[in-house]
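All remarks here apply to the structure that follows.
Along the sequence shown, the residues carry numbers beginning at 1. One-based numbering, in listed order, for ligands and for the atoms of each. No experiment lies behind these values; they were computed from the predicted model shown.
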Amino acid sequence: MTMHAGGARAAYEGQRVDTSSKWYRLFQKGVELGTWNVEKLFEEVGLEEDREQWESMAQDERDQVRYLLSGFLDGEREVAGDAATNLSRIMGAPCLDDNEEKEMYMTMLTLTEHKHTQFIDVYMREVMDDRDNYAELDPRRGTRIPIVQATGLGEVFENQGLQTAKAAQTRDPVDIAKAATVYHLNVEGILARVGGFAINRISEAAYLPLLNHGFKFVSTDEGRHITHGVNLLKELIEKEERGEPEYQGVKQGIIDMLHHDAPYMADFAYMFTEAMGDPLGVDIDDVLLRGGHLIDGMYNESLGLDLDYLEMINRVSDRYEEIKGWNLQEIVERQEVHYDRRRGVAADGAGGD
Ligand SMILES: [Fe+2]
Ligand SMILES: [Fe+2]
């Protein structure tokens, strides 16, 4: 069965490239829509308004924006790195269909992820003070930003690296399903989407035009990446449901990965709770509900799984009760002291353990 995107017949046909493939259409879409130019955007929108706004913001407001963008910066760098290596290898796996077109599509995904990293990295350097960056501590020009490391979000990125590397090695359908779940559903579909939602909320309280423009492009790109991930997983689930032996365990693998990542994502989102002040009015209840709806939409509606997302939201709320006494500032500072030791800078009061 050949899959047609939106029923549209391909205008041109190839011999090696199947121009009627869903992934070919997605590749074409990426070529057309994924070509925004980060440097041009900086020129066209300019940095001045964002700098002025940043200057006028209170420290706790700045922290909220900085923490959110830190999660994005570390995340974009991780997905960009895995896209170029592990994911590209996975797309050639014998168990997948349309390998050629999937590999073509992966080049667009990789390009856009590097642009996202470029946009956020330059933005943080040029507009915000960038004390959170410890770029020189790592050979890949970046070590996890303290807030990301301290809140558990780093665990999600670790898992992504682990699962995608494993799937690239084994090319086993269940391993591929787990890798695609972490990468496309959890990191892109939940984290990046909820993060984008938070950016919108923040702009209502403190409008940063350049950040806003950039994230409109980022969100559109992510939409295509998630479509790719959902379709890939559908393909694997269909084969599992047809009873093909090596695909058994695909659905369970997908569910397992959500249960693995959700608590860490929730801990990162803790910084938007009332307990942390929420100076820019992001509103954690809205954030959680948004996350729940995204889980429902992708896991249940699109993939036909049966996850109780309300139960997941309740578990997150329980967790927030549990960590109510968390002193996030202190946790972050401890991480900074640790990094400063590594970079050989003597931090004040950095004695002790
Ligand atoms: Fe991205
Ligand atoms: Fe993405």
Ignoring hydrogens and angles, write down the donor-acceptor pairs under 3.5 Å from the side chains of residues 28-49, residues two or more places apart or on other chains.
from, atom 1, to, atom 2, distance (Å)
W36, NE1, D221, OD2, 2.8
N37, OD1, E39, N, 3.0
N37, OD1, K40, N, 3.2

Practice task
Please confirm if an N, O or S atom belonging to E76, backbone or side chain, lies less than 2.8 Å from the Fe ion (ligand 1).
Solution key: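 Given the 2.8 Å cut-off, E76 counts as a ligand of the Fe ion (ligand 1).
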Handout entry: H116 near the Fe ion (ligand 1) via N/O/S, less than 2.8 Å
Key =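 Yes, within the cut-off.
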Exercise for the section: Using modelled atom types only, decide if a donor and an acceptor are shared between the side chain of E100 and the backbone of R16 within a distance under 3.5 Å. Expected result: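 No, E100 side chain to R16 backbone: no donor-acceptor pair under 3.5 Å.
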Could you give the side-chain donor-acceptor pairs of residues 284-296 under 3.5 Å, partners two or more places apart or in another chain?
from, atom 1, to, atom 2, distance (Å)
D286, OD2, R201, NH1, 2.8
D286, OD2, R201, NH2, 2.9
D296, OD1, N300, ND2, 2.8

Exercise for the section: Verify the cluster assignment for L303 and L310: are they in a single hydrophobic cluster under the rule of side-chain heavy atoms below 4.5 Å apart? Expected result: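 As far as the 4.5 Å side-chain criterion goes, L310 and L303 are connected within one cluster.
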Practice task
May I have the angle between E113 OE2 and E188 OE2 with its vertex at the Fe ion (ligand 2), rounded to 10°?
Solution key: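 Once rounded, the angle between the two atoms at the Fe ion (ligand 2) is 100°.
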Exercise for the section: Would you give the angle at the Fe ion (ligand 2) between E222 atom OE1 and H225 atom ND1, to the nearest 10°? Expected result: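 Answer comes to 100°, rounded to 10°.
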